[in-house]
Amino acid sequence: MKRVMVTKTGGPEVITVEEAPVPKPGAGEALVKMEAAGLNYADIMQREGVYLGGPTPPFGAGFEVAGVIEELGEGVNEWRVGDAVMALCSNAFSEYVCVPASNLIKKPNQLDFAQAAAVPCQYLTAYHTLITLADVQPDQRVLIQAAAGGLGTMLVQVAKQRGAVVIGTAGASAKCELIRELGGDYAINYREQDFESEVKSITDGVGCDLVIESVGGEVFDKSLRCVKTRGRLVVLGVASGEPRQVDTVSLLFHNLTVSGFHLMAYTQDEIAMQHACSDLYAWVASGLLRINIGATFSLDQVAEAQQKLASRETTGKVIILP
Ligand SMILES: NC(=O)c1ccc[n+]([C@@H]2O[C@H](COP(=O)([O-])OP(=O)(O)OC[C@H]3O[C@@H](n4cnc5c(N)ncnc54)[C@H](OP(=O)(O)O)[C@@H]3O)[C@@H](O)[C@H]2O)c1
């Protein structure tokens, strides 16, 4: 079978495609035939060696898969060969991948495999950030950075399901159009307008109840100034590669909360996962959640796919097909 490897830390040139034997599922694992895999910003950070706690090269690339169970390892009784599933895993950019059975999620019938490959990382991150952690309420104002990206398009829609007023930012007018199509109430092209002043104007100078920040650098500083008194900012990532220090005095005077969020702390929370999955099945069945596939690439094109994502050329979810 074909699999994509990151041979050492570096640029896209360290990505290789190699032939390898189909793996055997160990105890507690299922062998999944990959039908689609999700590309994420963290794939780029892992390849660059800047992802905290990331794998050490050489490693199999990709960590989000959708496909069909081909074989079950010892002790896996709750799944059947032929089940359509999606999961977080290692080595997702491979024709076959062994997945811990505890990570498997049943694929909703309404989603094709490419759409399903957007669920394990980006949908679950959006859901747990907005609902499990921040408990967004109707009419709360939520500012979402990079709102036309893979995670951003999920955040916009999940926030709208909660009845929030959504303000999204993006770096191109076509991206802003997508934010509005997904239900975003306001879309700000930060290359044309200063998002901080726009947010102040939209909120009559009050600021937002919740700001979802994944860029870092100056965007973080300005985002923090968009949080209203007693509001919250959640840090999801640092796409700019520039983490920021927080001025604790400004936090206390404005009664602000700054939280971090990382998906791995939520995937073993059975109750939260049940809520996330039952809302997912209901929303896709009723057409309330749209999964936007911005681009698809083959296993041979993972390096190119990563370059497009890193250079901000993509919208929605980027998918790797076998
Ligand atoms: N904490 C977690 O558990 C978790 C889980 C999933 C994702 N994340 C984080 O969420 C963010 C989005 O991830 P994603 O996979 O969905 O990617 P994405 O949003 O599809 O792509 C990244 C987007 O970020 C924006 N951006 C702003 N500054 C950038 C810069 N200096 N370099 C590159 N992009 C920049 C670009 O949109 P514009 O052109 O509109 O600016 C770009 O399209 C990442 O920071 C990722 O690490 C965190």
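Every value quoted in this text rests on a predicted model; they were computed, and no experiment measured them. Indexing begins at 1, ligand by ligand and atom by atom, following the structure's order.
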query = Going from OG1 on T257 to CG on L251, what distance comes out if it is rounded to the nearest 0.5 angstrom?
reply = 8.5 Å
ask   = Could you state the interatomic distance from CE (M34) to SG (C89), rounded to the nearest 0.5 Å?
value =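 Rounded to the nearest 0.5 Å, the CE-SG separation comes to 9.5 Å.
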Looking at [X], which atoms of ligand 1 are within less than 4.0 Å of one of its heavy atoms?
X    : answer
L309 : 20 (O), 21 (O)
S214 : 10 (O), 11 (C), 45 (O)
A170 : 40 (O)
V215 : 27 (C), 28 (N)
A146 : 24 (O), 25 (C)
Q122 : 14 (P), 15 (O), 16 (O)
G150 : 16 (O), 18 (P), 19 (O), 20 (O)

Heavy-atom gap A310 to ligand 1 smaller than 4.0 Å = yes
ask   = Hey, is A42 one of the residues with a heavy atom under 4.0 angstrom from ligand 1?
value =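 No, A42 has no heavy atom closer than 4.0 Å to ligand 1.
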Is there a polar contact, in the sense of an N or O pair closer than 3.5 Å, between [X] and ligand 1?
X    : value
R191 : no
G237 : no
C121 : no
M45  : no
T169 : no

inquiry  = Given T129, N40, L151, identify the one with the heavy atom nearest to atom 7 (C) of ligand 1.
reply    =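 The nearest heavy atom belongs to L151.
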Using a heavy-atom cut-off of under 4.0 Å, does the side chain or the backbone of [X] touch ligand 1, or both, or neither?
X    : answer
L263 : both
Y190 : side chain
K175 : side chain

Between [X] and [Y], do the side chains contain an N or O donor and an N or O acceptor separated by less than 3.5 Å?
X    : Y    : result
S311 : E313 : yes
E64  : N40  : yes
D139 : Q137 : no

ask   = If you measure from the Lys or Arg side-chain nitrogens to the Asp or Glu carboxylate oxygens, is any gap between E29 and K24 under 4.0 Å?
value = no
Residues R141 and D185 bridged, charged N to O under 4.0 Å = no
Do [X] and [Y] come close enough that some side-chain heavy atom pair is under 4.5 Å?
X    : Y    : result
K222 : T169 : no
V119 : I291 : yes
I144 : V166 : yes
V227 : H254 : no

ask   = I319, L309: one ILVMFWY side-chain cluster at the under-4.5 Å cut-off?
value =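 As far as the 4.5 Å side-chain criterion goes, L309 and I319 are not connected within one cluster.
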key: Within one Ile-Leu-Val-Met-Phe-Trp-Tyr cluster: F113 and M154, side-chain cutoff 4.5 Å   =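 Per the 4.5 Å side-chain linkage, F113 and M154 are not co-clustered.
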Protein contact to [atom] [nearest heavy atom, distance to 0.1 Å]:
atom                    : result
atom 9 (C) of ligand 1  : L236 O, 3.6 Å
atom 33 (C) of ligand 1 : Y41 OH, 3.3 Å
atom 28 (N) of ligand 1 : R312 NH2, 3.2 Å
atom 40 (O) of ligand 1 : G171 N, 2.9 Å
atom 19 (O) of ligand 1 : G149 CA, 3.4 Å
atom 5 (C) of ligand 1  : T125 OG1, 3.3 Å

task = Determine, using ring centers only, whether Y266 and Y127 are less than 6.0 Å apart.
result = no
